Amino acid sequence: MRNTFTPDETAMLGRVYENGNVEGETAEQKEARASRIIANYMAGITDEAELIELSRRPLGR
């Protein structure tokens, strides 16, 4: 299992987080969105626009 990201990956994930911001989000909702971004990225989704879109939806199982 991987538990670190390169500086480029960290920068990209930060951009996805910032660009996926939802007005009025609570701290808990922001944390859940950040978790979705990382989960989707680790599942192999690397396109920024796709990650932003997916981060706004609940994780599917």
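Fair warning: this is a prediction, and the values are worked out from it, not measured in the lab.
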J.: Heavy-atom distance under 4.5 Å between the side chains of Ile38 and Phe5, does that happen here?
T.: yes

J.: Quick one: pull up OG1 in Thr46 and OH in Tyr41 and give me the separation to the nearest 0.5 Å.
T.: 6.5 Å

J.: Please enumerate all residues that pass salt bridge (Lys or Arg N to Asp or Glu O under 4.0 Å) together with Glu50, with sequence neighbours excluded.
T.: none

J.: With a 3.5 Å distance limit and no angle check, can you tell me whether Glu31 reaches the backbone of Glu28 through a side-chain donor-acceptor pair?
T.: no

J.: To the nearest 0.5 Å, how far apart are CZ in Arg33 and CD in Glu25?
T.: 4.0 Å

J.: Would you compute the distance between atom CD1 of Ile37 and atom CG of Leu13 and round it to the nearest 0.5 angstrom?
T.: 7.5 Å

J.: Decide yes or no for Glu9 and Thr4: does some side-chain heavy atom of the first lie under 4.5 Å from some side-chain heavy atom of the second?
T.: no

J.: Which side-chain hydrogen bond (donor to acceptor under 3.5 Å, both in side chains) pairs, counting each pair once, include a residue from residues 11-20, with sequence neighbours left out?
T.: Arg15-Glu48

J.: To the closest 0.5 Å, what do you measure between CD1 (Ile52) and CG (Asn40)?
T.: 12.0 Å

J.: Quick one: side chain to side chain donor-acceptor pair (under 3.5 Å) partners of Glu53, sequence neighbours excluded?
T.: Arg57

